[in-house]
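The structure appears below as structure tokens.
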Amino acid sequence: MNSALHIAQLEKSFGTHRVLDGVGFDVEKGTIMGLLGPNGAGKSTLIRSIMGIVEPDAGRIELAGRPWSRESVRSIGYLPEERGLYKDMKVGEQAVYFARLKGMEKAQAVSALRGWFERLEVEGWWDRKVSDISKGMAQKIQFICTVVHGPELLILDEPLSGFDPINARRIIDVIRSLAADGTSILLSTHDMPSVERLCDHVVMLNQGKVVLSGEADVLRESGWDGSQDVVFKGNDMAFANALGAAAHLEGIAPTITQGVRKARIRLREGTTAFAILGALQEAVEVQEFIKVRPTMETLFIAAVDQAQPTQTEEA
Amino acid sequence: MRGALIGTVIAREWRTRVMKKSFIIGTLLMPFLAVGLIAGTVLLSEVTETENVVLVEDVSGLISRLDVPSQQYVPRCPGCFPETKGLEYRFVKEAPSDSIWMAQGHTILVEFDEAVLQNKAGYLVYEKSPGLEAKRSIERHLSHAIEHARVLGSTELNWEAYQRLKFDLRLVDRTIEEDGARADGGGEEIKGVVGFFFSAVLFLVLAVYGGFIMRSVVEEKSNRVVEVLIAAVRPEELLLGKVIGTGLVAITQIVAWSALSMLAFSAFQLLFDSGVMSGSPAPLSGEIPADLLTVMAENEFTATLLDIQWGLMALCTVAFFVGGYMLYGSLYAAVGASVQSEQEGQGLVIPIIMPLMFAYIVAGGAMTNPEMGALQVLSWFPLTSPVIMLVRTAVGVPIWELVLSWLLLMGTARLTLALAGRAYRHGVLNNGSKSGWKLLLQWMRGHGR
């Protein structure tokens, strides 16, 4: 068994409102799983169920192959979306407190924290009060508090919110390196570019149900609709004639520089990109021929739209 | 392991509050301010004690006569005007005008004539008020002198016989013990006052520190720390850690106040006894006793204080504090978890504070009647027992009642803690606009989000 987190048939209702409806997926060890979904999809309830904050009505949660237990939850690193720090405590003192709640001894916590403070370049803030530091700095401290005890599973809810691009990149690098070292990560976010940059796998929730899940590359590949971007030099008419019935041109091909144009084409069923490229090269000078796979955002919207009529019918 | 986690929460609650400047300043200053207030009052009365020279205008010669050799009016009953600190009497038949008797060094003029025997009234004339104490002394001395004059004027009485016949009844308290034997008793009212003092302190500590718990919970909700916390610690454990931690802060403050008050009182006593504070050496024997403790030991009030079982009193204060604090602290925490702001919480704690207020008012009434029947019932009822039982303990209460009342309190506190834990678990993650007792009770029953 190579699953860091296994969820099966999870259900949770609040009153008559069903928030989780048979949710199930796995987070493989050492991978980053993106948890996506519109507001109210059930992401927070799912995370809170994993963390033992909310008790599910039915279903199963396993951590590293073992049934869920309160003690095993303490080994998870959890960065909630709504997070904060005690304003009247010193940064270092506070980080030690959170580390101790995760079961670390004081000396061990101080040593580990010093390392992390250095790594994220906040070592000078150890003795400062939280009320004296910036929002971005506080976000870094919260991130450190989440990972300091070396968790095997990390649950990060919107980990990049509040960061400027430079610090966001730094955090992304840390997340990647943690995954490379074997940490499994469940990352919940609305920020699609970061999903594309970070996630190996994704699971999408809508109205409490999983509407899409799998490897990110596979999902994008399977969602490919035959679109290709072609950058070429030559005659428009010759370009269009070369496409023939095998593909159709989407819109017009605008000029991007002197004599160079870029066109988006879509291959028709049964046509290969290779065959089209051959035909085009005979008609114009092809400079770039790029496969346009759907973005996570496109997949996300498509999945939600697809799920909507079914659910409306059910209702 | 869970105990260690609760310990970590307790340590943080205790450390962050005890290390606050406001706590340190308050803890250090309060005892010195309290003792300073007492010392200041004593010293001020020493310093500002004025020498009153009373001129008594006795037109009818009722209480004074002319002493021929000295040509001075002197009292007919010298013993009726005992030597009193800050009070000196002079007598005249007719007083000069106000400006003249004041210029002569008198501060007060007492005017009365023969009608005083009927209307029992005279005038006290002054420029600056002599103070209540001096006025009472003058009234007492003059009444005694007039009484003397009336007895002398009577054909049936003489002063010596009257003095012998005068009778003041003193009732000595004897209480019947459980075994039916009689024992020295009395001083219940004084003991009641002492008990009320302890009750008042406990009431204040429960209300103030309960408020601290509520504020702490609201703060954790508003700064969004709580979700990280309850991912590591069960809400019930977090609540327990918070209640115990804040309770320990209260105990720390009480212990520090007691120790520092004793220290400050000792320092004041040392300075007072050495005469440094009054600016004069210790008084001679035969006058005012030299040291404070002697005065206290000879005083009826302090003698009653010595009769109180202080060990049991201290034990009960701690025991009922623990129970009362768990009970009220957890309720305050539950309220804190259900609201979004401290102001909102203030409204919701009113039903919680009502039984405590009621107990405080009843305890106040117990000062004058410490053995009233309602006290027994209220001293068993867990919501009022922490405040009421201390009054009864000071007066004297069977041990079995104490134990039973405490067990009832602890049982209720445990139950309340469990119910408040449920409400807390639901409430701390509730950031909605709804709040109120209906929702809180719903959470306590285990319903809701």
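Naming convention: chains lettered A, B, ... in sequence-line order (proteins, then strands); numbering from 1 in each chain.
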Enter the distance from Leu79(A):CG to Glu227(B):CD here, rounded to the nearest 0.5 Å.
10.0 Å

Per-residue contact mode, Val9(B) against chain A (heavy atom under 4.5 angstrom)
both

Counting neighbours of CE on Met19(B) that are heavy atoms of other residues, nucleotides or ligands and sit closer than 6.0 Å, is the number greater than 12?
yes

Tyr97(A) OH to Arg15(B) CZ distance, which is reported to the nearest 0.5 Å:
13.0 Å

Is it true that atom CH2 of Trp116(A) has more than 12 heavy atoms of other residues, nucleotides or ligands lying nearer than 6.0 Å?
yes

Val228(B) and Tyr78(A): side chain to side chain contact (heavy atoms under 4.5 Å, CB included), yes or no, with the steps?
CA-CA 7 Å; Val228(B) 180; Tyr78(A) 174 43; 5.9 Å; no

Most contact-rich option vs chain B, by heavy-atom pairs under 4.5 angstrom, among Arg100(A), Met51(A), Met89(A), is Met89(A)

Atom CZ of residue position Phe163(A) - does it have more than 12 heavy atoms of other residues, nucleotides or ligands inside 6.0 Å?
yes

Quick one: pull up CG in Leu101(A) and CD1 in Ile230(B) and give me the separation to the nearest 0.5 Å.
12.5 Å

Any chance you could lay out the side chain to side chain contact (heavy atoms under 4.5 Å, CB included) test for Asp88(A) and Lys20(B), step after step, and finish with the verdict?
CA-CA 9 Å; Asp88(A) 55 354; Lys20(B) 268 186 179 173; 3.6 Å; yes

Does any heavy atom of chain A fall under 4.5 Å from the side chain of Thr16(B), the backbone, both, or neither of them?
side chain

Would you say CZ of Phe321(B) has more than 12 non-hydrogen atoms from neighbouring residues, nucleotides or ligands within 6.0 angstrom?
yes

Do other residues, nucleotides or ligands put more than 12 heavy atoms under 6.0 Å from the CD atom of Glu11(A)?
yes

Just wondering, are more than 12 heavy atoms of other shown residues or ligands nearer than 6.0 Å to CZ in Arg414(B)?
no

Value for CZ (Arg12(B)) from CD (Glu93(A)), rounded to nearest 0.5 Å, stands at 8.5 Å

Using the side-chain hydrogen bond (donor to acceptor under 3.5 Å, both in side chains) rule, take Glu219(B) and Tyr86(A) through it: C-alpha gap first, then chi angles, then the decisive distance, then the call.
CA-CA 8 Å; Glu219(B) 185 202 355; Tyr86(A) 292 104; over 6 Å; no

